[in-house]
There are 2 protein chains.
Amino acid sequence: MPRPHTFPSADHDHRHCLDEILTAAERLCRQRRARLTPRRRRVLEIVAESHAAIGAYDIIDRLAADGGRPAPITVYRALDFLMSQGLVHRLASLNAYVSCPQAGAEHGAQFLICHDCGAIGELADPGVEARIAEAAAHVGFEVAMPLVEIAGTCAECRRAAT
Amino acid sequence: MPRPHTFPSADHDHRHCLDEILTAAERLCRQRRARLTPRRRRVLEIVAESHAAIGAYDIIDRLAADGGRPAPITVYRALDFLMSQGLVHRLASLNAYVSCPQAGAEHGAQFLICHDCGAIGELADPGVEARIAEAAAHVGFEVAMPLVEIAGTCAECRRAAT
DNA sequence: GTTGACATGTTATACTGTAACAGAATATCT
DNA sequence: AGATATTCTGTTACAGTATAACATGTCAAC
Ligand SMILES: [Zn+2]
Ligand SMILES: [Zn+2]
Ligand SMILES: [Zn+2]
Ligand SMILES: [Zn+2]
C-alpha cells in the first residue's frame, strides 16, 4: 500500500535514502527479470541523487563527468526503461525526470513541485482520482491516465519564507 | 460563472462556435484595452478551428499557407498574448495549444484529452481543486498552480467503439 | 556453440522554444 | 499636428528536448 502523501523532508539522511532506492530497484528488477544494467543503474543513481527533477541533458552532463559523453538517445533509452519499471517518473510541466519514492507500489501519479527548492513529492490520494473520474463522467468521459502536477511551496520553504 | 464541465459535442455547428469564440475575444480585448492585432486574431482563429490541440509549428504551417512563413518566435509571441488573455491554453502533456471554450470566465484549468479524436474538454470543478489542496496540505504543501491533464476517451468515441 | 532477444553505440535529424536587436505601428501628451 | 514613449513585429541566430535508422555488442537459453 502506498502512503497517501509523501514529501521529502529537508533534513533526512539522503545517503541512506538513495541506497534504499537503489536496493529496492535491484530487488524489483530481479523479481521481474528486468535487466538493471550498469548504465541504467547509473542513470537511476543520478536521477535519485536528489529529490528534485533533473533534465535528460543534465544527466548526460553527469555521465560525461564519469568519462565519455553518451549520445542523448542512450540516456533516453535508460529513462524509458526506468519509467517502464516505475522507478522514475517524467514531469511534463518541467521536461524533467524524478525518481519514485514508492517504486514498486502501484499508484497514480500526482506530483507536488516546490518552485522554491525544486523538491518533488507525490500524492497517491484516491480521493483526488475519484473526484476527477466523477467529474469527467459527467460529460461521459472515461479517464485513462490522469496527469496531475501541482506547483507550489513546500513546508520547509514556507517556514523559511517567514 | 463557468459551467463546471464542458466537452465539445461532435455534431455541434462549429462555424458558429468559432464565430462566437472570435467575437468574444474581440469583446474581451476591447474591454481590457488589449490589442487583438490581425496576427493574433489569425492565430486564435487557427487554434480555434477545431477543439483539438494544435502545435506551434503546425500553426506556422497554416500561416505559411496564407503566404509568407513567419518565424517561430512570431507565433510564440501571439500565443503568449492569447494565453495572457485566457483565450488559449497550453497543454504541457502535448506541447500544444487549445482555445478556451469559456474565455473570460475565471477558472482553474483541468483538461480532458480524448486520445481517439483529439478533442479537448475542460473541467472547472471546484471539488477537484479543493481535494487537491486538501491532500497537499497534509504534507504542508501550499498549492499555487495545479496542472491537471486527463487523457481518456470521450463520450462520442466510446459510443463509436461499441 | 549457435540462435535469438535484448541492450548499446553511432550518426544524423526532428521537434519545441528563446535571445537579441532593429524596425514598424500605435497610443499618449503637449 | 508633431514629438515621445510604448508596444508590436521582423530577422537572424541559437538553445533545449527527443527520436529515427542502422550497426554492433552482450547475454541467456536451447
Ligand atoms: Zn532522499
Ligand atoms: Zn521547497
Ligand atoms: Zn466548436
Ligand atoms: Zn473522442
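In this structure, B:Leu36 atom CG and C:dA27 atom C1' are separated by 17 Å, rounded to whole Å. We find that CZ of A:Arg39 is positioned 17 Å from C1' of D:dC27, with the value rounded to whole Å. Remark: C1' of D:dT19 and CG of A:Leu79 are 14 Å apart, rounded to the nearest angstrom. Atom CD1 in A:Ile59 sits roughly 10 Å away from atom P in D:dA18 (whole-Å rounding). Note: OH (B:Tyr76) to P (D:dT11) measures 19 Å, nearest angstrom. Going from atom CG of B:Leu82 over to atom P of D:dC8 covers 12 Å, rounded to whole Å. Residue B:Gln85 contributes atom CD, which lies 14 Å from atom C1' of D:dT7 at whole-angstrom precision. As rounded to whole Å, 13 Å separates atom C1' of C:dA14 from atom CG of B:Asp61.
Map A:Leu94 and B:Ala34 each onto its nearest nucleotide of DNA chain D; the residue landing nearer the 5' end is B:Ala34. Mapping B:Pro72 and A:Ala78 onto DNA chain C by nearest heavy atom places A:Ala78 at the nucleotide closer to the 5' end. Of the two residues contacting DNA chain C, namely B:Arg35 and B:Asp80, the nearest-nucleotide position lying further toward the 5' end is that of B:Asp80.
The shortest distance between the side-chain N/O atoms of B:Thr37 and the OP1/OP2 oxygens of C:dA25 is not below 4.0 Å. At D:dT17, none of the side-chain N or O atoms of A:Arg90 fall inside 4.0 Å of OP1 or OP2 (strictly under the cut-off). Distances shorter than 4.0 Å separate some side-chain N or O of B:Tyr97 from OP1 or OP2 on C:dG17. Close to C:dA27, at under 4.0 Å from its OP1 or OP2, lies no side-chain N or O of B:Arg33.
The listed nucleotides are C:dT16, D:dT19, C:dG9; the one nearest the side chain of B:Asn95 is C:dT16. For A:Ile73, taking side-chain heavy atoms from C-beta onward, the closest of the listed nucleotides D:dA20, C:dT18, D:dG10 is D:dA20.
For the pair B:Ala92 and B:Glu149, the tightest heavy-atom approach, listed with the atom from each and the gap, is N-OE2, 2.8 Å. Nearest heavy atoms, B:Phe81 versus B:Cys29: CZ-SG, 4.1 Å.
As judged by a 4.0 angstrom heavy-atom cut-off over every strand, A:Arg69 is placed among residues making no nucleic acid contact.
When only modelled atom types and interatomic distance are considered, A:His14 and A:His16 share no side-chain donor-acceptor pair under 3.5 Å. A:Glu122 and A:Thr6 share no donor-acceptor pair across their side chains, judged by distance under 3.5 Å alone.
Remark: side-chain polar atoms of A:Arg42 are not paired, donor with acceptor, to backbone N or O of A:Leu63 under 3.5 angstrom.
Under the stacking criterion of a centre-to-centre distance below 5.5 angstrom and an interplanar angle below 30°, A:Tyr57 sits stacked against the six-membered ring of D:dT17.
The base of C:dG9 sits within donor-acceptor range of the side chain of A:Arg77, with an N or O pair under 3.5 Å.
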